[in-house]
Amino acid sequence: MLAPPRTVVRREGGLYALERALQRRGFRNVAGADEAGRGACAGPLVAGAVILPEGRRGEIDELADSKLLTPAARERVYDEVVKRALTWSVVIVPPAEVDARGLHVCNLAAMRRALASLTTIPDYVLTDGFPVDGLGAPGLAVWKGDRVAACVAAASVLAKVTRDRLMVELDGQFPDYGFAVHKGYITDEHSAALSAHGPCVEHRFSYVNVATASGRVNRPPRARRPAPVPAAPSLFDAPLDGASIAGSGGASAEPLMLEAALEGTVGVASGEQPRPPVPVGEDEAMEGEKR
């Protein structure tokens with residue numbers, strides 16, 4: 001029996017080479033998924049998923065890993081992705097959910113949900129860093145995928161811009177912390193604010209630095225968050241476990257103006273197989289994505 005021909009990824013294709021190679025093998029709709037906010041100790045975890053159209057329409061000027069773009073460039077690329085994508089979606093996981101279920105579980109579940117929310121079913125899925133099960137399509141986890149595959153880079157831009165906008169909104173509700181500047185990541189300014197004011201409801205109490213500032217570092221990670229008390233409304237009011245927004249090519253969307261969406265869980269699909277622990281712990285201050 002003859003082996004199938006090798007798939008050649010052409011170096012000159014740049015950021016689009018991997019998708020074009022898959023499309024030549026018949027996988028026309030290649031979806032990419034990525035997240036923003038793993039390394040932050042405050043604010044939501046946000047996952048994005050995108051299918052870009054084939055050909056020139058899917059080639060977006062300035063598209064790159066969101067962390068390599070300036071804020072202004074990210075906004076421009078965001079607008080182009082929303083306008084050109086065959087379909088796109090964003091899932092928002094609030095910090096209380098990260099505390100309750102753990103960062104890695106929420107990360108995989110958010111990417112799975114973002115991909116499941118696409119209105120066009122993917123023929124193939126590329127995810128950044130971690131494999132995601134239960135997608136109903138073949139897939140590949142790509143190391144530094146947001147620098148290798150255009151659809152993953154586009155998903156990273158959607159997730160990053162959405163999260164940054166949410167953090168600016170949170171800054172208006174919690175002005176003591178400087179969320180609009182550091183976006184919830186661990187900086188000297190943020191650490192000083194935590195020491196002076198203690199954490200707010202939008203912090204992740206499963207992270208050691210937040211737990212230390214709250215005086216709950218000796219409790220297990222999932223028991224550190226204080227019981228809910230009447231307070232100023234959050235962007236992610238209980239009992240929502242997550243929020244989703246989605247769109248298709250040519251649709252205009254402003255995530256902060258959309259209702260925060262689907263009821264139910266962002267939990268792991270029942271078919272997921274156990275994995276060995278990841279090298280970073282949920283009760284550590286993560287060093288994932290940089291601002």
Side-chain angles (χ1 to χ4, degrees), residues 35-47 66-67 70-72 74-75 90-103 106-107 110 159-243 254-258 260 280-291:
E35 51 69 34
R38 272 185 66 91
C41 68
L45 178 71
V46 179
S66 62
K67 298 182 287 297
T70 65
R74 279 197 297 266
E75 290 286 346
V90 171
V91 167
I92 300 164
V93 182
E97 188 75 8
V98 174
D99 287 342
R101 303 190 179 200
L103 177 68
C106 286
N107 185 34
K160 175 69 173 169
V161 170
T162 299
R163 189 178 186 280
D164 283 358
R165 291 175 179 178
L166 290 170
M167 295 309 295
V168 171
E169 289 289 306
L170 286 175
D171 186 69
Q173 296 183 38
F174 304 96
D176 293 329
Y177 300 96
F179 288 151
V181 177
H182 53 67
K183 307 300 189 295
Y185 288 92
I186 304 167
T187 64
D188 290 343
E189 176 191 4
H190 193 180
S191 297
L194 269 173
S195 297
H197 305 289
C200 71
V201 69
E202 300 298 340
H203 280 93
R204 301 176 186 175
F205 285 76
S206 53
Y207 282 43
V208 164
N209 64 323
V210 177
T212 300
S214 71
R216 292 170 172 254
V217 72
N218 292 324
R219 299 192 184 188
R222 288 171 176 78
R224 291 175 184 166
R225 179 172 285 274
V229 295
S234 164
L235 286 176
F236 315 106
D237 292 331
L240 287 183
D241 290 318
E254 173 50 65
L256 296 177
M257 301 301 292
L258 295 178
V280 288
E282 66 197 38
D283 58 347
E284 296 181 36
M286 302 297 179
E287 293 184 341
E289 179 191 32
K290 305 297 182 184
R291 289 185 298 118

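Taken from CD1 in I92 to CD in E97, the straight-line distance is 13.0 Å, to the nearest 0.5 Å. Between the NZ atom in K160 and the CD atom in E35 there is a gap of 10.5 Å [rounded to 0.5 Å]. The structure places CG of L166 at 11.5 Å from NZ of K183, a figure rounded to the nearest 0.5 Å. Atom CZ in R204 sits 10.5 Å away from atom CG in N209 (nearest 0.5 Å). Taken from CZ in R163 to OG in S66, the straight-line distance is 11.5 Å, to the nearest 0.5 Å. Note: C200 SG to F205 CZ = 7.5 Å, rounded to the nearest 0.5 Å.
Y177 pairs by the ring pair (Phe, Tyr, Trp, His ring centres under 6.0 Å) definition with F179, H203, not counting sequence neighbours. Applying the side chain to side chain contact (heavy atoms under 4.5 Å, CB included) rule to S191 yields the partners I186; only residues at least two apart in sequence or on another chain are considered.
Using a 4.5 Å heavy-atom threshold, the side chains of P221 and D99 count as separate. Inter-residue side-chain proximity for P44 and E202 is flagged as unmet; no heavy-atom pair is nearer than 4.5 Å.
Taking both residues in full, the closest heavy atoms of R224 and S206 are given as NH1-O, 3.2 Å, listed atom of the first, atom of the second, then distance. V93 and C106 get closest at one heavy-atom pair: CG1-SG, 4.0 Å. What you find for A159 and A47 is that their closest heavy atoms are CB-C, 4.2 Å. The nearest pair of heavy atoms linking L170 to G43 is CD1-CA, 4.4 Å. Between A213 and L194, the shortest heavy-atom distance links the atoms CB-O, 3.9 Å. Contact record, P95 with V201: CG-O, 4.3 Å, taken as the closest heavy-atom pair.
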